[in-house]
Amino acid sequence: MRPDKLNPLFAEVHTLDGVGPKLKKPLDRLGLTRVRDLAYHLPERFVTRRAVGNVDEAGEGEQIILQLTPTEHKAPFSQGRGPYRILAQDAAGNIIAVTYFGRASYTGKKLLPVGETRWVAGRLDRYGDMLQIVHPDHVLEEGGGTLQRLCEPVYALAEGLTQPKVAGLVAQSLAKLPDLAEWIEPALFDREGWPGWADALKLGHKSDNAVARDRLAYDELLANSLALMLVRADNRQRKGRALVGDGSLRDRLQLPFPLTGAQERSNREIAGDMAQISPMLRLLQGDVGAGKTVVALEAMLIAVEAGAQAALLAPTEILARQHFETLRTMLAPTGVEIALLTGRDKGRGREGILMGLMDGTIQMVVGTHAIFQDTVTYNDLGLVVIDEQHRFGVAQRLMLAKKGKTTPHTLAMTATPIPRTLTLAQYGEMEVSRLDELPPGRQAIDTRVFPQARMDEVVDGVARHLDTSQQAYWVCPMVNESETLDIAAAEARYAALTKQFGEAVVLVHGQLPPDQKDAAMKRFSSGEAKLLIATTVIEVGVDVPAATLMVIEQAERFGLAQLHQLRGRVGRGSEKSVCLLLRGETLSETSKKRLALMRETQDGFRIAEEDLELRGGGELLGTRQSGDTPFRIATLDQIQKWLPVAHDDARLLVERDGGLSTPRGQAARTLLYLMERDWGVQLLRGG
Ligand code: ADP
Ligand code: MG
């Protein structure tokens, strides 16, 4: 149970003054649903501004506050595309632009009526031959002068929120911080001169305080390591069942290719684990196309040979369906019964599958999270395989573990190449098998970077490609700001390309009803449709060898691991494949280097390592958005510096006080709840 002291922090945000239904939506979008989330909503940066009478007194790139009077609103030419510009005059008669993109346009429109003078605070930049302020931090009717020279936090916002509003809510949340016993190891705490937890949070909101930020990052890393350590310790104590196959089913497989050395090695490691009583916790890490499916299949056959059942969990329905088809075909000569179970199966069909799982006539099942709902009972579940593991949290994995009579063996699979440092953070509780060798005969993918502005040429290229009766993917970016906006962009692109290519185009995105999604995927994989427009839902698993061209819009917005995954959808057949990365007008140096790296190599592990180097502490937001790490507070730099320390500290703590019952253990328990890594504690008695 969560310590009572933490309850005020876990209260919903509407318990704070001034939060009504209207604010709930934008707060939700930022993931700020509880008081705790606000306390941890650390500023993205800090600004100190200067009040100026007119723009002649200011330099480009400077943070200023000045009075402006809007003279004209210029809406974008087409709905939802391009910026909304408000032309405004300063006291000296200079005209500058106040610019808004996307949904923020509505805010700007309201805040800056023509003819009325307002204080506008933001960074003065150049746009062509005009000066502009993009997304001002403040637009005020009066009192702007008081913002001068304050060091002010700048928070991530969503439509409907302003800086002062967020700052006010943060202040309320900070006033509710309880007094908590210190969980950091005393020697480390003293050596680093860290502030206590509550002080660190307060400092973190006040100024760019590296020491406070480090401490907060360390808390998060420690909680993560500790939770993983507890899972691992718990797993060691659990009774599983030794599963040793006699090879009878595996012998009947008729694979059209010999296994690679890496596949053979992984098979041996997995078989070795499954032959033990203590349940396997193994991660199979292998780049896209490395051939993880066959390895999973062999493991599942071991379970069945030994008289148990095996389940494969996929993150999406599309992928579950595809795995099911692949496995069913490969299993044909073995006579093994396999079923597909997703959230969509209802009525009779579903009943039949549930019966079969309960009485054991179904030996293997493939599905989405539906396969571990409460209503699903297994006769004897011996092995759980989790594909694209990073999509599932440890908590979900633990739920699965409860499904067997004894704890089932777990094999997790991921194609996300993770740098070594992060492997520890994501999978610290697991053994790792790496498929570091691709099956022979894979074609290199010709990767090119194009400015988005040359869209016409790109579309012509796609036309030529489709003329050769090959297929293509077109990926629209997924930005976190708003899913609706992303989907609108994908739909606009779909409409435009349909004009040119007609029936040959299909669209798939996350909000499409499942049957429509399937129908579209089916038309594409059967070759009837030639061009698939998609948001990143196609990221994992989709396998259409005739698709040999991929276009990715606004490629700089993606994490490299994600780009690498996406690109892995092509280059699967015998034809040469091409990947076009479209980039925006202005790119940072880092972004340029990152895209160049994509062009240069196809080695996922190298991409992961170098991406980590390139970004370092820099583009923090990008890191968080791309979900490369399981952390919200710790930056890449902090992870590299502090994770090994936290990991060792957590190990020592669990070795000395596995039940977390000493005073420091108790404090650490509180930390686990605070950082929402309490799945570890729940394994402890009296947790
Ligand atoms: P991933 O690791 O991305 O899940 P898959 O298991 O889907 O990769 O395999 C990708 C493709 O490679 C499949 O078409 C599969 O049949 C093929 N494949 C797997 N192993 C080998 C091998 N040893 N030799 C040749 N082709 C292989
Ligand atoms: Mg796969």
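Bear in mind the structure is a predicted one, so any value in this text is a computation, not a measurement. As a basis for the values below, the full set of heavy atoms in this structure was taken, side chains included, without hydrogen atoms, waters or symmetry mates. Indexing begins at 1, ligand by ligand and atom by atom, following the structure's order.
- Only the backbone of Asp287 comes within contact range of ligand 1, with a heavy atom under 4.0 Å; no side-chain atom does.
- Distances below 4.0 Å separate heavy atoms of Thr293 from the following atoms of ligand 1: 4 (O), 5 (P), 6 (O), 7 (O).
- Under the rule for a side chain to side chain contact (heavy atoms under 4.5 Å, CB included), the partners of Val244 that lie at least two apart in sequence or sit in another chain are Ala275.
- Proximity of Thr260 to ligand 1, defined as any heavy-atom pair under 4.0 Å, is shared by backbone and side chain alike.
- Between Asp515 and Arg344 there is no salt bridge, since none of the side-chain N atoms of the basic residue sits less than 4.0 Å from a carboxylate O of the acidic one.
- Note on ligand 1: Gly286 sits outside its first shell, no heavy atom being nearer than 4.0 Å.
- Contact atoms of ligand 1 toward Leu259: 23 (N) (distance under 4.0 Å to a heavy atom of the residue).
- Evaluation of the side chain to side chain contact (heavy atoms under 4.5 Å, CB included) rule for Asp251 yields no partner, not counting sequence neighbours.
- With hydrogens and angles left out, the side-chain atoms of Ser433 and Glu269 include a donor and acceptor closer than 3.5 Å.
- Contact check on Asp518 versus Arg321 returns a salt bridge, with a Lys/Arg side-chain nitrogen under 4.0 Å from an Asp/Glu carboxylate oxygen.
- Using a 4.5 Å heavy-atom threshold, the side chains of Leu243 and Met274 count as touching.
- Of the listed residues (Gly289, Gly568, Pro440), the one carrying the non-hydrogen atom nearest atom 3 (O) of ligand 1 is Gly289.
- Contact annotation for Gln263 and ligand 1: only side-chain heavy atoms (C-beta onward) come within less than 4.0 Å of the ligand.
- Close N/O approach between Pro258 and ligand 1 is found [any backbone or side-chain N/O within under 3.5 Å].
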